[in-house]
Amino acid sequence: MMINYFQRVNISAGIVPMTQSTAGAPFYSWGTSDKSLILSSFFWGYVISQVPAGLLAKRFGAKLVLGLATAIGGILCFFHPIAAKSGWQSICVLRVLTGLVQGTVYPCVHTLLAKWVPRTERGLLTTGVYSGAQFGTAVILVTSGFIFESSMGWPGLFYLSGGLSLAWALLFFWQAANEPATASRISKGEVEYIESLTGSNSASQSMPVPWMSIFRSPAFYGLLAAHCGFTWGFYTLLTEMPTYMSKVLQLNVKSNAFLSSLPYFAMGLLCFVVSPISDLLINRGTISITTGRKLFNSIGQWGPMACLIGLGYMTSEEKTWAIVLLTLAVGINAGCSCGYLINHIDLSPNFAGPMMGVTNGIAGVTSIIAPLVVGAIVSDEEDPSQWRIVFFITGGIYLVCNAIFLIFGKATVQKWNETSSTSSTMTLRNHQENDSKTIVPTSDKDILF
């Protein structure tokens, strides 16, 4: 997740020095609308590849699809500095291609998590993996300032992202396994333990995806709304925060890079605070799984909503408070890691990957629209009142989307997840006959590990 977010975020950090003189590196006179198109073009490819990626991961295994996609994305990174010389249109083409390969990440990772993570540890382990997105974002942003002012200049950011991606892909092909049954370094007992507590096994690879049942499920639409709300808010801040800090808060490149990273460090760390609390409350039977998902998703979306409302009234004279609110607005998003983000696996362990492809693909449309909306609203990047409108719109989307999740969301395994041959799925449903009951281990096999 960290490596793939290097590929995804490097343009958000690099767009500032690419359009202003920094350490002798080349720079280009691209307008606000041009930069908005560059930032949104990633998602044009990203949206298209989501559903095919989920199906490919299900058919050929997530290891192959994810490894190849990361390697190809790394190669594309090397071409960014060359493409910039040809104009912003060439950068847009590269970002579309990067989006195409990056669209495989979430469906593939969700497919792997559905096969590897026992339900009793779902909050902590899933959050542990996905926190790499925040740490990857933070690392890129905090180191970018030093890279920009080094002899490499901003091109160095793309070269480093590409090199690390290729190195990781080789390591992943060597060490990874699609499922416990094909892993060479774990015992038979652990394989049986994991399969009995995930509800997903190798039989699911040949099962047809029950698309009609999925699209008739109210719980699916609750999940979809929550995913769209998170994506709009997260990517609005991700793509626009460096510009906001540079133009409104009037921070220099190095300070901008460091302070832009703080919210993502905060979110990554808070993921490891909320996830064990979520698992503890659910495993002890204090709250049901459904209540847990809704509670933490509400914290993760309505908390940032309140912060963004306050941020709309900040100016350069109140930059300390503005940075605090920005950090909280992104950091509190960590609650969603125990909310909608793992709800696909709750609803259908066998089809979590294809479902993630659908929701992430549709949510990705908001990632295209959000930067374009900012570009349409913000004609003067130094005017706080125009940014206030952006923050209010984002807060309103958080409010509505989480409300839909509260109304329609569920966290029980759905009937369309099952076939008569998937014994591990039936085992999991027996463990979860009633969502309001505790899900502490109920057999000797459950407590073996």
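Basis for what follows: all heavy atoms, side chains included, without hydrogens, waters or symmetry-related copies.
- Here the closest heavy-atom approach between residue Leu249 and residue Ala322 is recorded as CD2-CB, 3.9 Å.
- Heavy-atom minimum distance, Ile332 versus Gly303: CG2-CA, 4.3 Å.
- Salt bridge present: Arg293 and Asp346 bring a charged side-chain N and a carboxylate O closer than 4.0 Å.
- Note that CZ of Arg119 and CD1 of Ile282 are 11.0 Å apart. Values are rounded to the nearest 0.5 Å.
- At a threshold of 4.5 Å between non-hydrogen side-chain atoms, the residues Leu311 and Trp387 do not count as touching.
- A distance-only check finds a donor-acceptor pair linking the side chain of Gln301 to the backbone of Ala226 [under 3.5 Å].
- Here the two rings, on Phe220 and Phe215, have centers that are under 6.0 Å apart.
- Taking the six-membered ring for Trp and the full ring otherwise, the centers of Phe158 and Phe79 sit at least 6.0 Å from each other.
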Worksheet entry | Trace of the side-chain contact (heavy atoms from CB on, under 4.5 Å) decision for Ser161 with Ile140 | CA-CA 9 Å; Ser161 298; Ile140 278 288; 4.0 Å; yes
- prompt: Passes side-chain contact (heavy atoms from CB on, under 4.5 Å), Tyr244 versus Phe391? Steps please.
  reply: CA-CA 11 Å; Tyr244 174 77; Phe391 296 142; 3.8 Å; yes
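- Judged purely by distance below 3.5 Å, without hydrogens or angles, the side chains of Gln7 and Thr98 never pair a donor atom with an acceptor atom.
- Side-chain polar atoms of Asn4 and Thr70 form a donor-acceptor pair below 3.5 angstrom.
- Distance check: Thr127 OG1 to Gln134 CD gives 9.5 Å after rounding to the nearest 0.5 Å.
- Taking 4.0 Å as the cut-off between side-chain N and carboxylate O, Glu179 and Lys63 do not count as a salt-bridged pair.
- With a 4.5 Å cut-off on side-chain heavy atoms, Leu347 and Val413 do not count as touching.
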* Report the C-alpha separation of Arg185 and Glu190 in whole Å, then their side-chain angles, then the decisive distance to 0.1 Å, and conclude whether the salt bridge (Lys or Arg N to Asp or Glu O under 4.0 Å) test is met. => CA-CA 10 Å; Arg185 293 178 176 83; Glu190 188 173 359; over 6 Å; no
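- Residues Ala225 and Ile404 come closest through the heavy atom pair CB-CG2, 3.6 Å.
- The closest side-chain heavy-atom distance from Leu66 to Phe172 is below 4.5 Å.
- Between Tyr130 and Tyr106, the distance from one ring center to the other falls under 6.0 angstrom.
- The backbone N or O of Gly312 sits less than 3.5 Å from a side-chain atom of Arg388, completing a donor-acceptor pair.
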I'd like to know whether Val274 forms a side-chain contact (heavy atoms from CB on, under 4.5 Å) with Ile299, so could you lay out the CA-CA distance, the side-chain angles of the two residues, the decisive distance to 0.1 Å, and finally the verdict. CA-CA 10 Å; Val274 299; Ile299 293 171; over 6 Å; no
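- Side-chain contact between Tyr159 and Cys77 is absent, with no heavy-atom pair separated by less than 4.5 Å.
- Side-chain atoms of Arg95 and Gln102, non-hydrogen and from C-beta on, never get closer than 4.5 Å to each other.
- Put simply, the residue from Val139, Thr137, Thr143 that forms a side chain to side chain contact (heavy atoms under 4.5 Å, CB included) with Leu141 is Thr137.
- The pair Lys247-Asp380 does not count as a salt bridge, with every side-chain nitrogen at least 4.0 angstrom from each carboxylate oxygen.
- Considering only heavy atoms from C-beta on, His227 comes within 4.5 Å of Met356 through its side chain.
- The CD1 atom of Ile345 sits 10.0 Å away from atom CE of Met355, with the distance rounded to the nearest 0.5 Å.
- No hydrogens or angles considered: nothing links the side chains of Asp34 and Tyr28 as a donor-acceptor pair under 3.5 Å.
- The minimum heavy-atom distance linking Trp211 with Val51 is given by the pair CH2-CG1, 4.3 Å.
- By the 4.5 Å heavy-atom criterion applied to side chains, Val109 and Val129 are counted as neighbours.
- The NE2 atom of His344 lies 10.5 Å from the CD1 atom of Ile214; values are rounded to the nearest 0.5 Å.
- In terms of heavy-atom proximity, Pro180 sits nearest to Ile194 at CG-CG2, 3.6 Å.
- Among all heavy-atom pairs drawn from Ala62 and Leu112, the shortest one is CB-CG, 3.6 Å.
- Distance alone, capped at 3.5 Å, places no donor-acceptor pair between the Trp30 side chain and the Thr19 backbone.
- The distance from the CG atom of Leu372 to the OG atom of Ser40 is 4.0 Å, given to the nearest 0.5 Å.
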For this session: Walk me through it: do Trp116 and Thr126 pass the test side-chain contact (heavy atoms from CB on, under 4.5 Å)?
Result: CA-CA 10 Å; Trp116 277 97; Thr126 301; over 6 Å; no
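- With hydrogens and angles disregarded, a donor-acceptor distance shorter than 3.5 Å links the side chain of Asn10 to the backbone of Phe6.
- Considering CG of Leu94 and CD of Gln89, their distance stands at 12.5 Å, rounded to 0.5 Å.
- Under the 3.5 Å distance criterion, the side-chain polar atoms of Gln50 are left unmatched by any main-chain donor or acceptor of Pro107.
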Where do Tyr340 and Asn402 land on the side-chain hydrogen bond (donor to acceptor under 3.5 Å, both in side chains) test, with the steps shown first?
CA-CA 10 Å; Tyr340 88 88; Asn402 187 64; over 6 Å; no
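- Between Phe234 and Tyr264, the ring center distance clears the sub-6.0 Å criterion.
- Ring-plane geometry between Phe43 and Tyr46 is classed as perpendicular, the angle between the planes exceeding 60 degrees on a 0 to 90 degree scale with a lower cut at 30.
- The shortest side-chain heavy-atom distance between Leu166 and Leu170 does not fall under the 4.5 Å cut-off.
- In this structure a side-chain-to-backbone donor-acceptor pair under 3.5 Å is present from Lys294 to Gly409.
- Within 6.0 Å of CH2 in Trp321 there are 12 or fewer heavy atoms belonging to other residues, nucleotides or ligands.
- With no hydrogens or angles considered, a side-chain donor-acceptor pair links Tyr235 and Arg8 at under 3.5 Å.
- At distances below 3.5 Å, not a single donor-acceptor pair connects side-chain atoms of Thr231 with backbone N or O atoms of Cys228.
- At least one donor-acceptor pair under 3.5 Å links the side chain of His110 to the backbone N or O of Leu341.
- When atom types are taken as modelled, the side chain of Trp154 and the backbone of Ser144 share no donor-acceptor pair closer than 3.5 angstrom.
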